[in-house]
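In this text, all values refer to a predicted model and were calculated from it rather than measured experimentally.
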Amino acid sequence: MAASLEEDDEILKSDFYALLNVDRKASIEEINNAFRHLSKIYHPDKHVDPNKKKKAEEVFNKLRKAHDVLKDKTKRTVYDMYGEKGLEAGDMEIIARTKTPTEIIAEYERIQKEREERRLQQRTNPRGTISVGINATEIFDAEYDDDEPIDYQPSRTLEISSMSIAQSVECPLTLKDTVVVGGNLDTRNGIGQGMFSIMWRRLISTKGWAEVDVHVGSAVAFGVTGFRQLTQRCYLRCGLRGEVTQYGYRPSATLMLAYQFDRCLQGRLTYNLSRPSSIVTNIVYSNEQNHVSSSVQLGIRSSFLALSYTRTFLEADTKVRGAFRIGTLGGMVECSVEKKVTDFSNIGGTLLIGVPQGVHLKLKLLRGQQTFIFPIYLSEGLNPSAVIYGSLLPLAVYYIVKKLIIDPVLKQQKLSELEKQKEEYAEKMAQRKSEAEKAVELMKETFERSVELEEKKMGLVILKALYGKLQPASDGEAQANSCIDVVIPLQALIKDSKLIVPETASKSGLPGFYDPFIGEEKKLYIRYKFRGRLHQVFISDTEPVRLPQQKHAMQEEVPLSSSPPRVTSRTS
């Protein structure tokens with residue numbers, strides 16, 4: 001998927017480490033040595049031709065800027081934390097006022113805090129939920145005796161039994177205070193009701209917070225909740241709540257104690273002081289891909305044992321969940337699937353089969369901060385037809401819609417975004433390409449000397465090098481889709497028959513390189529000869545380069561007298 005515009009803007013900026021071809025942990029001495037080596041190629045005084053002299057001056061100015069930043073301890077600290085933006089006019093005043101990297105970090109954190117406070121004044125976080133309940137029991141549960149005559153047509157229709165709309169808006173006042181205003185409207189079987197709510201939360205310290213909420217509608221409710229970190233692994237949460245209805249006043253309280261056994265395992269003990277009261281024990285294990293939760297409730301009205309397992313498939317952006325519960329009021333089995341279909345949209349489906357609940361299907365669509373829920377009541381009992389239709393029909397509809405609508409739309413959207421990025425960054429891309437071409441032209445003499453020297457001692461000679469969108473073919477050749485020729489830049493970096501390029505954010509920042517296709521995954525293909533043998537290797541964009549290596553040797557060698565295979569490259 002294409003990178004965001006903000007990320008692309010950072011890609012188009014110079015990487016000072018890549019420009020000098022040094023590691024991010026390089027010492028001052030290594031940085032100085034790299035600058036001296038590149039100065040032999042790009043210093044204007046090394047060129048007599050006026051045209052080359054002008055090109056060399058442009059490239060050398062960039063190298064000198066990178067060297068000036070990285071050799072200075074304070075400037076390097078700012079660059080490592082905030083990039084080139086941190087060195088722009090205005091922010092540089094901080095460097096003038098401070099002396100140590102610690103002071104620089106403290107000053108930047110203060111400025112960032114002030115900026116965050118200003119953003120809080122303008123930011124809201126709206127959330128909404130729309131739920132439409134559908135009763136489909138007449139389709140699956142309607143049974144008639146064929147021997148008994150009836151004078152009307154049996155009903156086989158869907159009925160909208162309930163509908164609710166809830167909306168809330170988060171209003172951060174300061175870094176410590178947040179107000180959430182919300183409301184909901186709900187109608188069930190022709191009877192409607194509404195509720196308005198307001199909640200205020202305050203961050204008391206780094207270890208605790210408190211909130212107060214009030215709900216006004218068909219009933220009036222108010223509550224107070226507090227959270228406190230007792231130790232590094234243990235925290236306590238308690239709440240008091242009161243509700244006033246036409247039937248009287250109903251108080252309740254909740255007390256929860258949680259303990260983090262390790263990074264993935266947590267235990268919770270919850271005591272509900274209400275009518276009726278209950279105590280619940282939870283054990284939760286959670287990591288990046290697996291989530292297991294077990295619950296045991298002992299209560300006056302109901303007691304149960306529940307277990308659920310959720311598996312997250314990261315590559316497919318999919319979550320699969322299974323759960324069961326058995327208790328004094330019955331039992332149920334539940335399975336659900338949730339799939340990310342776009343950057344901001346998720347869809348999901350849940351099938352619940354239980355006694356006495358019957359068969360329920362819940363469809364869910366999440367778009368940004370909005371949630372749309374469609375609970376469908378399929379059957380009052382354990383009807384096999386309801387189970388089959390409830391599980392297979394949503395899957396079939398999803399795959400049909402995905403293939404016919406979602407995939408084509410996403411593909412077209414991706415192409416449109418890439419074209420938009422090309423248009424927006426065309427001028428900057430042309431500038432980077434021009435800078436790379438100037439650098440390559442200035443490298444030619446160094447390249448020729450390096451090839452001549454390495455040929456004499458049977459050393460390292462780059463025969464072919466491509467950077468961009470590459471895929472290895474079955475015959476070992478590189479198939480170029482959108483790439484640039486980087487033989488000269490790489491050969492110019494060879495020292496003592498060795499090519500070393502440290503790990504970088506992107507190789508597009510190396511001298512003579514540029515990004516031929518922003519937002520796409522890129523690789524580097526190198527074919528070289530060393531001691532009379534042919535070698536080749538594919539390297540990812542961030543992977544370090546170390547040549548030569550024995551494992552790069554080709555199995556089927558091509559006579560060295562023959563010219564290397566040509567691959568036509570196309571730049572975007």
Would you call I462 and F447 a side-chain contact if the rule is heavy atoms closer than 4.5 Å?
no

To check you understand the geometry: which heavy-atom pair defines the closest contact between E454 and L460, and what is its length?
OE1-N, 2.9 Å

Which residue, Q266, R263, H291, forms the side chain to side chain donor-acceptor pair (under 3.5 Å) with S286?
H291

Search all heavy atoms of F16 against all heavy atoms of Y79 and return the closest pair with its distance.
N-OH, 3.0 Å

Distance from D541 atom CG to E503 atom CD, nearest 0.5 Å?
11.0 Å

For F530, give me all partners under ring-ring contact (aromatic ring centres under 6.0 Å, His included), at least two apart in sequence or on another chain.
none

Ion pair R321/E334, N-O distance below 4.0 Å
yes

Check whether N61 reaches the backbone of E57 with its side chain - one donor and one acceptor, N or O, closer than 3.5 Å.
yes

Nearest-0.5 Å distance that lies between atom CG in L493 and atom OG1 in T446
10.0 Å

Heavy-atom count around K319 NZ within 6.0 Å, excluding the residue itself: above 12?
no

State whether E30 and K25 are salt-bridged, where the test is any N-O pair (Lys NZ or Arg NE/NH1/NH2 against Asp/Glu carboxylate O) under 4.0 Å.
no

Ignoring hydrogens, what is the shortest heavy-atom contact between A56 and P44? Give both atom names and the distance.
CB-CA, 4.0 Å

How long is the straight-line distance from CG of D15 back to CG of L20, given to the nearest 0.5 Å?
9.5 Å

Tested for side chain to side chain donor-acceptor pair (under 3.5 Å) against Y528, the lone hit among Q536, Q491, H552, H535 is H552

Describe, in one word, how the ring planes of F227 and W209 are oriented to each other, choosing from parallel (under 30°), tilted (30 to 60°) and perpendicular (over 60°).
parallel

Answer yes or no: does atom NZ of K46 have more than 12 heavy-atom neighbours from other residues, nucleotides or ligands under 6.0 Å?
no

Would you mind checking if D80 and R24 are paired as a salt bridge, meaning a charged N to carboxylate O distance below 4.0 Å?
yes

Just verifying a value: how many Å separate K71 NZ and R76 CZ, rounded to the nearest 0.5 Å?
13.0 Å

In Å, rounded to the nearest 0.5 Å, how long is the span from CZ of R531 to NZ of K457?
11.0 Å

Taking all non-hydrogen atoms of both residues into account, name the closest pair between G349 and L363 and its distance.
CA-CD2, 4.3 Å

With a sphere of 6.0 Å drawn around NZ of K362, does it hold more than 12 non-hydrogen atoms of other residues, nucleotides or ligands?
no

Rounded to the nearest 0.5 Å, the CG atom of N32 sits from the OG atom of S39 at a distance of 10.0 Å

Stepwise side chain to side chain contact (heavy atoms under 4.5 Å, CB included) test for V292 and L307:
CA-CA 8 Å; V292 182; L307 181 66; 4.3 Å; yes

Regarding E448 and K444, does a basic nitrogen lie under 4.0 Å from an acidic carboxylate oxygen?
no

Main chain of V487, side chain of D485: is a donor-acceptor contact present, judged purely on distance under 3.5 Å?
yes

Is there a side-chain contact between V545 and L490, using heavy atoms and a 4.5 Å cut-off?
no

Evaluate the criterion side chain to side chain contact (heavy atoms under 4.5 Å, CB included) for residue pair V486 and L510; output intermediate values, then yes/no.
CA-CA 10 Å; V486 290; L510 293 170; over 6 Å; no

Please answer whether the main-chain N or O of I41 pairs with a side-chain N or O of H47 as donor and acceptor at a distance below 3.5 Å.
yes

Is atom CG of D496 surrounded by more than 12 heavy atoms (other residues, nucleotides or ligands) closer than 6.0 Å?
no

Is it the case that over 12 heavy atoms from other parts of the model lie below 6.0 angstrom from the CD atom of Q369?
yes

Indicate whether any N or O donor in one side chain lies under 3.5 Å from an N or O acceptor in the other, for N290 and Y285.
no

With heavy-atom distances below 4.5 Å as the criterion, would you say the side chains of N21 and H37 are in contact?
no

With a 4.0 Å cut-off on N to O distance, would you call R432 and D515 a salt bridge?
no

Minimum heavy-atom separation for R533 to M554, with atom names?
NH2-O, 4.1 Å

Could you point out which residue of Q370, R367, K340 forms a side chain to side chain contact (heavy atoms under 4.5 Å, CB included) with S345?
R367

Do side-chain atoms of K507 reach the backbone of E543 as a donor and acceptor pair under 3.5 angstrom?
yes

Could you pull out the closest heavy-atom pair between A18 and P511, with the gap in Å?
O-CD, 3.6 Å

Could you walk me through whether E288 and T312 satisfy the side-chain hydrogen bond (donor to acceptor under 3.5 Å, both in side chains) test, starting with their C-alpha distance in whole Å, then the side-chain angles of each, then the deciding distance to 0.1 Å, before giving a yes or no?
CA-CA 7 Å; E288 191 176 17; T312 302; over 6 Å; no

Distance flag, aromatic centroids of F35 and Y42, threshold under 6.0 Å:
no

Any donor-acceptor pair under 3.5 Å linking the side chain of R233 with the backbone of Q260?
yes

Does the pair D407/K402 count as a salt bridge with the N-to-O cut at 4.0 Å?
yes

Would you say CZ of R546 has more than 12 non-hydrogen atoms from neighbouring residues, nucleotides or ligands within 6.0 angstrom?
no

K339 (side chain) donor-acceptor with A316 (main chain) under 3.5 angstrom
yes

Looking only at the aromatic ring of each residue, does the gap between the centers of F374 and F372 stay below 6.0 angstrom?
no

H67/R36 under side chain to side chain contact (heavy atoms under 4.5 Å, CB included): CA gap, chis, key distance, verdict
CA-CA 10 Å; H67 178 246; R36 280 195 293 267; over 6 Å; no

What verdict does the side chain to side chain contact (heavy atoms under 4.5 Å, CB included) test give for K364 and T350, after you've listed the backbone C-alpha separation in whole Å, the side-chain angles of each residue and the deciding distance to 0.1 Å?
CA-CA 8 Å; K364 181 170 63 174; T350 301; over 6 Å; no

